[in-house]
2 protein chains.
Amino acid sequence: MGGGTLRMRDIARHAGVSPMTVSRALRQPSAVSEEMRRRVDAAVREFGYLPNRIAGSLSSSRSNVVGLVVPSIRNSLYASMIQAASDVLRTNGLHLMIADSGHRLEDEEALVSAFLAQRVCGLILHNTVHSKRMRKLVETSGVPVIETGNLPDEPLDMAVSYSNFEAARAMTLHLARLGYRKIGFVTLPVRDNDRSEERRRGYFAALAELGRPADASLVLEAAGGFSEGAEALVRLVNAHPDLDAGFFAGEVLAVGALFECQRRGWAVPGRIAIASFDDVDLLRHAVPSVTTLRIPRPEIGKRSAELLVRRLQGAPAEPIKVDLGFEIVQRESS
Amino acid sequence: MGGGTLRMRDIARHAGVSPMTVSRALRQPSAVSEEMRRRVDAAVREFGYLPNRIAGSLSSSRSNVVGLVVPSIRNSLYASMIQAASDVLRTNGLHLMIADSGHRLEDEEALVSAFLAQRVCGLILHNTVHSKRMRKLVETSGVPVIETGNLPDEPLDMAVSYSNFEAARAMTLHLARLGYRKIGFVTLPVRDNDRSEERRRGYFAALAELGRPADASLVLEAAGGFSEGAEALVRLVNAHPDLDAGFFAGEVLAVGALFECQRRGWAVPGRIAIASFDDVDLLRHAVPSVTTLRIPRPEIGKRSAELLVRRLQGAPAEPIKVDLGFEIVQRESS
DNA sequence: TCATATGCTGGTAGCGATACCAGAAAAACG
DNA sequence: CGTTTTTCTGGTATCGCTACCAGCATATGA
């Protein structure tokens, strides 16, 4: 059973050609004659031969695997990005190795090391905060890298993202423009996470522009679950009975808060308005539908993969920074 | 930059030992003397050497990558399974290559081929319906395989799952026991998907046990979106004004239906009860919280990975079929 | 004391493919 | 028709590492 995996030379023998001809017939059929191609194809099909990509990679020092590190596989946000990236890569004969860092910087470093040891031909990292050691690791490897979670000041290589700062700022201004006077902000954990940090900064920047005081008690940090969102809302309202809008840095938090309002019979947006980050289906279909920021996650995945592919095809290694922007989606909840 | 990647012999030279000693010091430190280990470690750290796993895999004909194919990366159900599997694999030095078949059988076959060409050391497949060619492909490769989406009659190798049939049957009986007289069932697309098919069969089996007629108009097939769930519910109610319960084969469908009830002011469960498949956070926190089937997704991922690891460590290649069961979670919506 | 066991190190020969070059055959040219 | 070019094929030498065996020390036994 399966023990005897075939090698190229076996196919070659059966086809009555040299191994080199088999190799060529498989990778660039146009380089061999009609006759050879026919013989090789026949033998390949007859034995169900699958070329050993490991050997191929070693020999050509070129791999066809891209490594991707996200903070959490579970999060559906990343899922839409991953899907889009995966699709583009696949049509270019590349595969995706996925790992999650669990939001731990040291784990990310270990994962990147492992990926580099596997000799991936490219890396996509969601995180944009890196240790010095990691930066050096990636740089000396010479592997093209894309960062996607934020627009970093000093990209490792290429970046495809949007501005968390601008997005949070824009939404805060939007809520103010709609007439909300007291806007609370619920952020995801900030530690080792520049995205959260940027969003918080954006919120405060907007308040400053509006000439409103920066009240730290209007900002709460919450882990990203439904309960945490509900809890945060309640705490904010208790502390600030005149709170008339809540801006949540994640869709799960926002929906958790929305459910809490339903349980307590608080009208949304009558009693309190709700706004969220990231346009997932859930927010569009919730009752009431939730105002949010549309971040072009699939486009980020697509562009990242495309840039990687282009670079692998020989494009010059110049730093590229793509800002795919965002969009405010005004809905019933505000 | 980075052009000159170091080889083991370079490290060996700098450490004043042979390449073999470096190899051993890295893989089984106990096999070399204290002194050698020290010298090698120092050189490795000094130059930031990363062993080339491609070469290592080729040489030892042993890889450390597991291939995983799910119908859709986007679906959060798979995410919790993937996460759990990934964790177990990582602690055993294995990595995960992930691909999605988009529910297309022919794509799955292509992906499995590609994975086998990459010489993965194991496969996890969610799907359990396979073409003849695919079965042969996998069998002759000799690679251990786990199927996770259903309990197949003829597993390729090992299976870790639960019974879709029994789960759907149990929930239908449960709803009947609660007193619901007319239970509609909304299934996900059935084509090439034995899970959906099994669920539908389970629903009908329950009806038969209850001595109720098998009314095909009580079953609707819907693609898995919020709108589709909402739509399906409305169509069912229009066709059957006395419908008092809706059982949805996916959580997005169920929540979509729930939202529709909220929009229309239908009391849940007063006017109509709702039940779902799969226990995701959303269902627990929705208002009202939704009755559902808890499928042990993380456990499935964990056990799958563990079985794979054990097999790679030399466990005999015997067919194993693990049924991790399910559980009915009764909540407010029914 | 010699013989056998044990611990550690290094040399050699692959793993299965591809890069590169050489050469034969066919085609194109003057 | 000879010469140059083009087209195609095959041999050889890696790619970077590990399996396997040989060999030298030191340790253990009789």
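Just the heavy atoms: all of them, side chains too, but no hydrogens, waters or symmetry mates, feed the values below. Per chain, numbering begins at 1; letters A, B, ... match sequence-line order.
In this structure, CD of B:Gln118 is placed 14 Å from C1' of C:dG16, rounded to the nearest angstrom. Atoms CE (A:Met20) and P (D:dG11) sit 11 Å apart, rounded to a whole Å. As rounded to whole Å, 10 Å separates atom C1' of D:dG16 from atom CG of B:Asp10. One can place CD1 of A:Ile54 at 10 Å from C1' of C:dG16, the figure rounded to the nearest angstrom. Between the CZ atom of A:Arg7 and the P atom of C:dG16 there is a distance of 6 Å, given to the nearest Å. Taking atom CG of A:Leu6 as the reference point, atom P of C:dG16 lies 11 Å away to the nearest angstrom. Rounded to an integer number of Å, the gap from CD of A:Glu35 to C1' of C:dA25 is 15 Å. The nearest whole Å value for the distance from the CD1 atom in B:Ile11 to the P atom in D:dT18 is 13 Å.
Ranked by how close their nearest DNA chain C nucleotide is to the 5' end, B:Ser60 and A:Gln28 are led by B:Ser60. For the pair B:Ser59 and A:Arg27, both in contact range of DNA chain C, the more 5′-proximal nearest nucleotide belongs to B:Ser59.
Distance alone, capped at 3.5 Å, places no donor-acceptor pair between the B:Ser63 side chain and the B:Ser57 backbone.
Side-chain proximity of B:Val17 to the nucleotides C:dC15, C:dA17, C:dG10 is greatest for C:dG10. In this structure, of C:dT18, C:dG10, D:dC17, it is C:dG10 that holds the atom nearest to the side chain of B:Thr21. When the nucleotides D:dG16, D:dT9, C:dA17 are ranked by their closest atom to the side chain of A:Met8, C:dA17 comes out on top. Nearest nucleotide to the B:Ser33 side chain, out of C:dT9, D:dT9, C:dC15: C:dT9. In the set C:dT18, C:dT9, C:dG10, the nucleotide with an atom closest to the side chain of B:Met36 is C:dT9. Across C:dC8, C:dA19, D:dC17, the shortest atom-to-atom separation from the side chain of A:Arg62 is found for C:dA19.
Salt bridge status for A:Arg37 with A:Glu34: present, with a side-chain N to carboxylate O gap under 4.0 Å. With respect to A:Lys302 and A:Glu299, no salt bridge is recorded, no charged nitrogen being found less than 4.0 Å from a carboxylate O. At a threshold of 4.0 Å, the pair A:Arg39-A:Glu35 counts as salt-bridged, since one of the basic side-chain nitrogens sits closer than that to a carboxylate oxygen.
Between B:Tyr49 and the phosphate of D:dC17, there is a side-chain N or O to OP1/OP2 separation shorter than 4.0 Å. In this model, the phosphate group of D:dC17 is not approached by any side-chain N or O of B:Arg53 to a distance below 4.0 Å at OP1 or OP2. Regarding contacts with the backbone of C:dT9, every side-chain N or O of B:Ser18 stays at 4.0 angstrom or more from both OP1 and OP2. Residue B:Arg13 places no side-chain N or O under 4.0 Å from the OP1 or OP2 atom of C:dG10.
Under the side chain to side chain contact (heavy atoms under 4.5 Å, CB included) rule, B:Tyr49 has a single partner from B:Thr5, B:Leu6, B:Val40, which is B:Leu6.
Side-chain atoms of A:Arg24 and base atoms of D:dG10 include a donor and an acceptor less than 3.5 Å apart.
Residue A:Pro19 is out of contact with every strand shown, counting any heavy-atom pair closer than 4.0 Å.
Using cut-offs of 30° and 60° on the angle between ring planes, the pair B:His126 and B:Tyr78 is perpendicular.
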